[in-house]
Every structure is written in structure tokens, then in C-alpha cells.
Number of protein chains: 2
Amino acid sequence: MPKPLPLLEPLPTAADCCVPLAASPLSATDARELANRLKALADPARLRLLSMLLASENHEMCTCDLTGPLGLSQPTVSHHVKVLAAAGLVVGERRGTWTWYRVVPEALTGVARVLDPAGC
Amino acid sequence: MPKPLPLLEPLPTAADCCVPLAASPLSATDARELANRLKALADPARLRLLSMLLASENHEMCTCDLTGPLGLSQPTVSHHVKVLAAAGLVVGERRGTWTWYRVVPEALTGVARVLDPAGC
DNA sequence: AGTCAATATTGACAACTGTCGATCTCATCC
DNA sequence: GGATGAGATCGACAGTTGTCAATATTGACT
């Protein structure tokens with residue numbers, strides 16, 4: 001359990017696609033793209049992982065601190081963060097031996113906004 | 001392509017779970033529940049289906065009007081609307097030979113609100 | 001009853017996914 | 001350099017999922 005270092009740079013911005021679901025019938029490619037992001041979210045372990053990151057002290061955690069609470073093996077946790085990172089929902093940063101992950105809030109907000117028929 | 005009848009009753013309300021993702025680490029059961037909803041959303045065909053419903057004239061369509069634009073067989077469309085209905089995201093109503101489906105906007109809004117770390 | 005049309009269900013199959021053990025990579029410290 | 005420890009990757013396996021053809025069900029209309 002290493003001590004978290006203070007972040008040096010602001011959180012990176014994420015591609016936040018903005019094709020509101022309710023505006024017009026989604027094209028096949030837009031639908032595939034949004035589905036990919038939602039697929040990354042649609043897993044209990046990854047949702048818990050995200051919420052743990054968001055609720056953590058410095059809004060970041062290393063893999064070693066995630067395996068225990070999630071009750072999953074280290075390779076499995078590594079797999080999940082990789083899926084989330086590929087979807088742009090988290091970013092990882094290597095500092096020495098550890099890799100620190102944090103959520104990209106803009107990405108989550110983007111997905112939320114696309115979904116909400118009330119327009120948010 | 002039958003003519004859509006005017007809706008007689010207001011849209012039904014849906015269970016909108018409200019455990020904000022960012023507030024605290026999600027419990028295993030809460031995560032599973034939210035993941036189930038997201039799994040229902042995380043498919044290109046179902047996303048297109050939802051957006052077609054939302055963008056349609058009377059905010060409802062019958063199965064027969066969905067198969068063509070989606071480019072999927074009738075059983076497959078029937079399968080997808082069933083998944084969406086099981087997740088509470090759409091409701092179907094049989095009128096004569098046809099079944100009319102419409103989105104439950106509250107359900108979508110609920111998911112969007114849970115996801116958004118900005119709190120909406 | 002009998003026919004027709006829309007929808008739902010079933011069965012089957014290929015593709016994808018979550019999980020873990022084993023192994024590999026890389027940075028740190030002696 | 002060698003040892004240690006965190007994390008990533010690989011290979012395998014069970015479970016799930018999207019799809020369709022075939023069939024069943026339901027409602028309308030003679």
C-alpha cells in the first residue's frame with residue numbers, strides 16, 4: 001500500500017461523443033461506438049472498480065489496492081482496468097513499481113448525457 | 001404498417017435506482033443490478049431500437065416496423081425488445097395483432113444519473 | 001371452424017467474455 | 001548482477017450472448 005503522490009497535472013479530457021439518443025435514430029456506427037463504451041461499463045467488477053476510484057481519497061488507486069476489496073485475482077483486475085482504459089473511462093499512470101488509475105469523469109458524464117432523454 | 005393509436009394513459013414510471021456511482025464504493029449486489037441494466041443497453045441493435053422509439057412520431061413502434069430499419073430478423077428483434085423490457089427500459093402493449101413498444105424515459109434518466117459523477 | 005398475419009418461443013451454433021494459473025516484463029533495492 | 005515485488009500478458013476453460021430457421025401462439029376476419 002504505497003502512499004499516493006499528489007497529481008501534477010489536471011485530469012485529461014476525454015472524447016465525449018454527443019449524439020443524443022433521443023434526437024434521431026442512431027446510425028449503425030454510432031450505435032456500435034456507444035455500445036462499446038456501455039459494454040465496458042456493463043460489468044459488476046468494473047462498476048465497483050470505478051466507484052472505488054471515485055470514492056477514494058485521492059481519486060486514484062493502484063492495482064494492488066483494488067484486488068483485495070474486489071475479491072478478484074490480480075490478472076483479472078488488470079484485465080478489467082485495461083477494458084476501462086480502452087474505453088477511455090480510466091487512465092493509468094506508472095509511477096515506479098505501481099500503476100495508478102483514475103477515472104476520466106468527462107467520459108462518464110458524456111455517456112450519461114447521451115443516454116438521458118431529458119437532455120440533462 | 002398499422003396506424004398508431006393515441007396513448008390513453010401516461011407513461012408508466014420505472015424503478016430508478018439511485019445509488020450514485022461516485023458517492024461510495026458500490027456493493028456487490030448494487031453493482032450487479034446496475035450492470036444488468038447496462039448490459040441491456042450495451043448492444044448496438046438495442047441502442048438503435050431505443051433511439052428509433054424515442055425519435056418516432058408517437059414515441060412508439062410495433063415490431064413489424066422495427067425489423068426493416070434494423071436489418072434483423074423478426075425473432076431477433078423480438079429477442080431484443082424482450083431484453084429491454086426485462087430491464088424496465090421499454091414497455092410493450094398488445095393492441096390486436098400488433099405489439100407496440102415505447103421507451104420508459106425515467107429508466108434511462110435513472111441510469112444516466114447514476115453514472116454521472118457531476119451529479120447531473 | 002379455418003385461414004392469414006404479427007409476434008413469441010425454441011433449439012442450435014458461432015462468437016465473445018470473465019476468470020484464473022502460469023509466465024513474462026520492468027523497476028527497485030541489496 | 002541478483003533478488004524481490006508489482007503489474008501485464010498468455011492460454012485455457014466455462015458461461016453467456018446475438019443470430020437465425022423452424023415452430024408455436026395469438027388475434028382478426030371470413
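The sequence lines fix the lettering, A, B, ..., with proteins before strands; numbering per chain opens at 1.
- Between B:Trp98 atom CH2 and C:dC4 atom P there is a gap of 17 Å when expressed in whole angstrom units.
- Following rounding to the nearest Å, A:Lys39 (NZ) and D:dG18 (P) show an atom-to-atom distance of 7 Å.
- Residue A:Arg48 is tested with A:Leu53, A:Asp43, A:Leu70 for a side-chain contact (heavy atoms from CB on, under 4.5 Å); the sole match is A:Leu70.
- Going from atom CD of A:Glu60 over to atom P of D:dG7 covers 13 Å, rounded to whole Å.
- In terms of phosphate contacts, B:Lys82 brings a side-chain nitrogen or oxygen within less than 4.0 Å of OP1 or OP2 of C:dT9.
- Proximity note for B:Tyr101 (side chain, C-beta onward) versus C:dT7, D:dA8, C:dA8: the nearest is C:dA8.
- Atom CG of B:Leu49 and atom C1' of D:dT19 are 15 Å apart (whole Å).
- The line from OH of A:Tyr101 to CG of A:Leu66 is 9.0 Å long, rounded to the nearest 0.5 Å.
- Contact between B:Ala107 and B:Arg37 at its shortest, heavy atoms only, is O-NH1, 3.7 Å.
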Going 5' to 3' through nucleotides 19-30 of chain C, assign each nucleotide B (protein heavy atom under 4.0 Å from a base atom), S (under 4.0 Å only from sugar-phosphate atoms) or - (no protein heavy atom that close). BBBB----SS--
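- Atom CD of B:Glu93 and atom P of D:dT26 are 18 Å apart (whole Å).
- In this structure, B:Trp100 atom CH2 and C:dA6 atom C1' are separated by 12 Å, rounded to whole Å.
- Rounded to whole Å, the distance from CG on A:Leu38 to C1' on C:dT17 is 17 Å.
- The CE atom of B:Met61 lies 9.0 Å from the OG1 atom of B:Thr67; values are rounded to the nearest 0.5 Å.
- The closest donor-acceptor contact from the side chain of A:Ser51 to the backbone of B:Leu26 lies under 3.5 Å.
- Taking atom CG of residue B:Asn36 and atom P of nucleotide D:dT16, one finds them 12 Å apart after rounding to whole Å.
- Residue contacts shown for B:Ser78 include a base, since a base heavy atom lies under 4.0 Å away.
- Of the charged side-chain nitrogens involved, at least one lies within less than 4.0 Å of a carboxylate oxygen, so that A:Glu60 and A:Arg95 count as a salt-bridged pair.
- Side-chain polar atoms of B:His80 and B:Arg46 form a donor-acceptor pair below 3.5 angstrom.
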